[in-house]
Each structure stands twice: as C-alpha cells, then as structure tokens.
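Below is one structure, written out as structure tokens; comments come after it.
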Amino acid sequence: INKDKRLTSEEKTALSLDIQKAISRLTALKAKIAQPTTIADLRIDIKQIVTNYKVYEVLEPKIRILVTIDNLQDVSNRLGFLTPKLQIFIDDLKSLNKNVSDLQILLDDINSNLSAINAKLSADKTAVMNISVNTANAKDTFVSVRKDLAQVRALFAKIRHDIALMRENLKGVLKNTTAGPSSTPSAVSPTNSAK
C-alpha cells in the first residue's frame with residue numbers, strides 16, 4: 001500500500017489502519033486458539049477468521065479495487081491534461097480556415113467519455129472506501145464496481161479509437177489549405193467509431 005504511487009496519503013492511512021486492525025485482532029485470536037480449549041470453542045474461534053475479519057472477502061478486494069481505480073484515474077487525468085491542448089490546436093487550425101469539424105466532433109466525444117469515466121470512478125471510489133469488515137453487503141458493492149470498471153475500460157477503448165481517427169483526420173486537414181479530409185463526417189463520427 002505504502003509503495004503505491006497513486007493512492008493518496010489519506011487512502012494509504014485508511015487502508016493501513018484497516019489492515020492493522022485485522023492483524024491485531026487475528027493475532028489476539030491466534031493466542032486464544034493456542035490456549036487449551038474445547039473442540040466446540042475452537043470451532044467457534046476458527047469460524048471468526050472468516051465471519052469477523054473478512055480479510056479475503058473484504059480487505060483484499062477493497063485494496064485491489066482501489067488501486068485499480070486510482071490507476072484508471074491517473075490515465076484519465078493524463079488524458080484530461082491533453083484535451084485542452086488539442087482544443088487549442090484545433091482552434092488554431094480553424095483560425096487558418098482549415099475544416100476541423102470532424103476533429104471537433106471526435107474531441108467532444110473524447111471529453112464526453114472522460115466526463116463519464118471520471119463520474120463513475122469517483123462514485124466507485126467513495127463506495128469502496130466506505131466498505132469495512134462490518135459492511136453487510138460488501139460483495140454486492142464489489143460486483144457493482146467491477147461492472148462499472150468494465151464500462152470504464154470500454155470507454156477508454158472508445159477514446160483510443162477516437163484518437164486514432166483524429167490522427168488520420170489531421171493528416172487530411174494539414175494537407176489541404178482550406179478544406180478538411182475527404183472523408184464524410186459520418187465516417188468518423190463518434191457513433192460510427194464504436195462499430
């Protein structure tokens with residue numbers, strides 16, 4: 001956790017505290033199990049490892065999902081840093097009487113997808129951070145977040161496709177003095193880019 005470069009210091013502190021609590025409680029339970037006891041009491045104590053501490057059921061998936069979310073947010077932030085520069089470049093081309101309508105459609109689609117990505121990741125991060133070993137339906141939250149992460153990855157794939165189309169489109173814009181590429185807007189529109 002502490003070596004992860006993308007987790008915030010608050011997230012590292014919260015996760016480390018969760019893990020330390022589990023370690024302390026499991027250490028105490030281990031000492032209790034080591035004492036002479038009845039088989040019935042021993043079964044109850046061993047059952048607590050799963051039912052009360054939920055290391056594999058809650059803590060491990062929570063940490064893995066948070067690291068995944070932070071990695072995806074990092075990618076989104078880097079793309080978010082790039083898009084205003086692309087907008088300036090498109091505006092400069094437009095001021096030179098270049099046809100940039102297709103480029104603008106693609107950039108708008110990228111910005112829309114980034115907005116959807118950021119909203120999902122932010123909501124999911126909050127949901128996962130609020131999970132503890134006492135959360136009744138943690139598994140349901142993990143399932144829902146994993147579905148969202150699959151959608152986020154699909155949106156990133158769409159963004160990659162839009163960027164590839166922008167590259168091709170830009171070649172045509174730069175070759176022509178006043179006209180954009182010969183392709184029609186429908187050929188590079190965001191609705192067709194997913195096909």
Side-chain angles (χ1 to χ4, degrees), residues 1-15 61-130 141-195:
I1 291 170
N2 289 324
K3 289 181 180 179
D4 189 89
K5 295 177 182 177
R6 296 184 181 98
L7 288 171
T8 66
S9 57
E10 293 83 11
E11 290 164 353
K12 288 179 181 182
T13 300
L15 292 172
K62 177 179 178 176
I63 293 164
R64 288 183 187 278
I65 289 173
L66 280 174
V67 168
T68 299
I69 289 172
D70 281 345
N71 288 337
L72 292 171
Q73 282 181 319
D74 182 63
V75 173
S76 180
N77 290 339
R78 282 191 267 154
L79 284 168
F81 181 73
L82 175 66
T83 55
K85 293 180 178 184
L86 287 173
Q87 186 62 65
I88 291 169
F89 184 61
I90 289 171
D91 292 342
D92 287 346
L93 289 173
K94 188 175 182 179
S95 70
L96 297 172
N97 293 323
K98 301 282 187 175
N99 180 355
V100 294
S101 58
D102 292 345
L103 287 171
Q104 189 64 59
I105 289 169
L106 291 166
L107 183 58
D108 290 345
D109 191 48
I110 290 169
N111 285 326
S112 174
N113 288 327
L114 281 175
S115 180
I117 286 168
N118 292 334
K120 276 189 187 298
L121 292 177
S122 178
D124 287 342
K125 182 181 246 186
T126 299
V128 172
M129 282 300 293
N130 288 332
T141 302
F142 291 143
V143 168
S144 174
V145 168
R146 285 185 181 113
K147 285 180 183 175
D148 283 352
L149 294 179
Q151 292 174 1
V152 163
R153 288 183 180 103
L155 290 171
F156 274 126
K158 194 165 186 319
I159 288 171
R160 281 193 303 274
H161 188 259
D162 284 349
I163 290 171
L165 289 174
M166 284 184 85
R167 253 189 233 125
E168 288 302 312
N169 192 285
L170 189 57
K171 290 176 187 175
V173 170
L174 294 175
K175 283 180 183 176
N176 296 318
T177 53
T178 57
S182 58
S183 62
T184 61
S186 62
V188 293
S189 68
T191 53
N192 286 336
S193 67
K195 294 181 181 177

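All values derive from a computational prediction rather than experimental measurement.
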Side chain Asp109, main chain Ile105, donor-acceptor under 3.5 Å: no
For residues 117-126, which residue pairs pass the side-chain hydrogen bond (donor to acceptor under 3.5 Å, both in side chains) check, not counting sequence neighbours? Glu11-Lys125, Asp70-Lys125, Gln73-Lys125, Ser76-Asn118, Lys120-Gln151
Do Leu79 and Ile117 touch side chain to side chain, with heavy atoms closer than 4.5 Å? no
Within-4.5 Å side-chain heavy-atom neighbours: Lys158 and Ser112: no
Report yes if the side chains of Met166 and Ile110 come closer than 4.5 Å at any heavy-atom pair, otherwise no. yes
Kindly compute the distance separating CG (Leu72) from CG (Leu121), expressed to the nearest 0.5 Å. 5.5 Å
As an exercise, state the distance from CD1 of Ile65 to CZ of Arg146, rounded to the nearest 0.5 Å. 4.0 Å
Here the gap from Leu165 atom CG to Leu170 atom CG, rounded to the nearest 0.5 Å, amounts to 12.5 Å
Gap separating the CD1 atom of Ile159 from the CG atom of Leu107, nearest 0.5 angstrom: 10.5 Å
Pairing residues for Lys171 by the salt bridge (Lys or Arg N to Asp or Glu O under 4.0 Å) criterion, not counting sequence neighbours: Glu168
So, do Thr141 and Val145 sit near enough that their side-chain heavy atoms are less than 4.5 Å apart? yes
Please tell me if the side chains of Gln104 and Asp108 come closer than 4.5 Å, counting only heavy atoms from C-beta onward. yes
Within this structure, what is the CD1-CD distance for the pair Ile90 and Gln87, rounded to the nearest 0.5 Å? 5.5 Å
Does some side-chain heavy atom of Asp91 sit less than 4.5 Å from a side-chain heavy atom of Val100? no
Any non-hydrogen side-chain atom of Val152 less than 4.5 Å from a side-chain atom of Phe156? yes
